[in-house]
Protein chains: 2
Amino acid sequence: MSNGGDHDAGGVTQLTLLDSFVGYHLRRASSRFAAGFSESVGPLGMRQVLFGILTVVHDNPGIRQGAAGEALSIQRANMVSLVNELVDRGLIERRVSEVDRRAFALALTPAGEVLVEQGLERIRVNEDALLRTLSPAEREQLVSLLSRIEG
Amino acid sequence: MSNGGDHDAGGVTQLTLLDSFVGYHLRRASSRFAAGFSESVGPLGMRQVLFGILTVVHDNPGIRQGAAGEALSIQRANMVSLVNELVDRGLIERRVSEVDRRAFALALTPAGEVLVEQGLERIRVNEDALLRTLSPAEREQLVSLLSRIEG
DNA sequence: TATTGTTATACTCTATAACTATA
DNA sequence: TATAGTTATAGAGTATAACAATA
């Protein structure tokens with residue numbers, strides 16, 4: 001049948017060009033994990049960025065707002081509303097630093113600690129599901145390769 | 001010196017919790033590659049999404065707009081303005097499909113073909129730079145591991 | 001009825017520039 | 001003069017719902 005040169009509607013879409021690029025696969029895999037995060041941790045009212053901030057503050061109690069953003073590659077200007085959101089929800093305590101009155105020292109509240117623990121558990125379950133096709137060794141290798149190209 | 005419990009300003013920020021998660025590393029690596037893409041291909045007026053569409057159309061001349069979006073996980077509604085942009089810039093030709101008059105058949109214009117070639121070359125250079133710390137075998141392994149967790 | 005593309009809309013993430021208060 | 005945080009704003013990616021034309 002002539003289809004006037006149109007692409008075969010029943011055919012498989014080719015991705016030859018994109019397939020050879022690492023950036024393309026990173027983009028797809030990352031977006032898949034982001035979707036999994038939304039499904040599993042979203043019901044706790046958490047987004048990836050917000051949870052990232054919580055964990056950094058968990059690991060570094062009293063950290064300055066700017067330093068927390070720096071660790072996560074979030075710009076100062078964008079940290080403001082994100083931290084506000086966490087403070088408003090009672091997950092983070094923000095007080096003026098005693099060593100530099102320009103700065104804020106961030107710490108988790110008890111509610112914040114609880115939410116971090118709940119989130120971690122859900123992320124673990126989610127990642128185990130998404131990575132089920134990889135052996136533990138392959139999974140380690142993936143993390144190792146990725147951390148070597150992060151910067 | 002007492003700092004009232006504040007985080008040591010000169011200390012290294014810990015990322016213990018995040019570090020164990022694949023999703024976190026994917027997010028960082030992907031964002032690094034996206035920045036590299038912007039730097040190298042951005043001057044051609046290309047963004048990752050737009051270039052993705054061009055390559056899919058290149059690989060599948062006459063493909064329906066919706067099928068192209070599907071291959072890239074772009075929703076129908078969001079394809080409209082993206083394809084408009086490419087058509088307005090003379091990179092893609094959009095004509096009513098001869099086999100289904102509801103659909104558009106997409107194809108690259110000569111200018112689109114040229115831009116794809118230019119873009120591919122720049123992406124190659126960029127990826128070689130970002131992946132310089134990996135051996136060819138490790139690079140292949142990374143792509144292989146990533147494609148196994150994409151879907 | 002189902003599907004293709006469209007419009008309208010909203011939320012989030014990211015980026016820049018100009019401002020304030022403290023250092 | 002430089003730094004920490006703020007405000008305002010704009011661009012881009014992504015998501016949903018309702019609609020018209022066609023199958």
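Letters A, B, ... mirror the listed sequences (proteins, then strands); counts begin at 1.
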[X] has an atom [atom1]; how far is it from atom [atom2] of [N], in whole Å?
X        : N      : atom1 : atom2 : result
B:Arg64  : C:dA2  : CZ    : P     : 18 Å
B:Gln48  : C:dT14 : CD    : C1'   : 14 Å
A:Asn84  : D:dA8  : CG    : P     : 12 Å
A:Phe104 : D:dT6  : CZ    : P     : 5 Å
B:Glu98  : D:dA23 : CD    : C1'   : 17 Å
A:Phe33  : D:dT14 : CZ    : P     : 18 Å
A:Leu106 : D:dA4  : CG    : C1'   : 12 Å
B:Met46  : D:dA12 : CE    : C1'   : 14 Å

Would you please confirm or rule out a distance under 4.0 Å between OP1 or OP2 of C:dG5 and any side-chain N or O of B:Arg76? no
Look at A:Gln75 and C:dT14 and indicate whether a side-chain polar atom (N or O) is within less than 4.0 Å of OP1 or OP2. no
Between A:Ala103 and A:Arg27, who's closer to the 5' end of DNA chain D by nearest nucleotide?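 Looking at the nearest nucleotide for each, A:Ala103 comes out on the 5' side.
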Assign each of B:Leu82 and A:Arg94 to its nearest nucleotide of DNA chain D by heavy atoms, then name whichever residue's nucleotide is nearer the 5' end. A:Arg94
[X] side chain: which of [options] is closest?
X        : options                : value
B:Arg47  : D:dA12, D:dT6, D:dT3   : D:dA12
B:Val80  : D:dT14, C:dT14, C:dT7  : C:dT7
B:Arg102 : D:dA15, D:dA23, C:dT14 : D:dA23

Given side chains that start at C-beta, do those of A:Leu26 and A:Ile149 come closer than 4.5 Å, heavy atoms only? yes
Taking any heavy-atom pair under 4.0 Å as a contact, classify B:Gln65: base, sugar-phosphate, or nothing.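 The residue B:Gln65 makes sugar-phosphate contact but no base contact.
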Test log, rule salt bridge (Lys or Arg N to Asp or Glu O under 4.0 Å), inputs A:Arg94 and A:Asp88: CA-CA 10 Å; A:Arg94 171 178 48 191; A:Asp88 291 347; 5.6 Å; no
Nearest nucleotide by nearest heavy atom, which residue falls closer to the 5' end of DNA chain C, A:Glu85 or B:Asn78?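 In this pair, the answer is B:Asn78.
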Is it the case that C:dT22 (base atoms only) and A:Arg101 (side chain only) share a donor and an acceptor within less than 3.5 Å, ignoring hydrogens and angles? no
Is the count of non-hydrogen atoms from other residues, nucleotides or ligands lying under 6.0 Å from [X] atom [atom1] greater than 12?
X        : atom1 : result
A:Glu140 : CD    : no
B:Glu150 : CD    : yes
A:Glu138 : CD    : yes

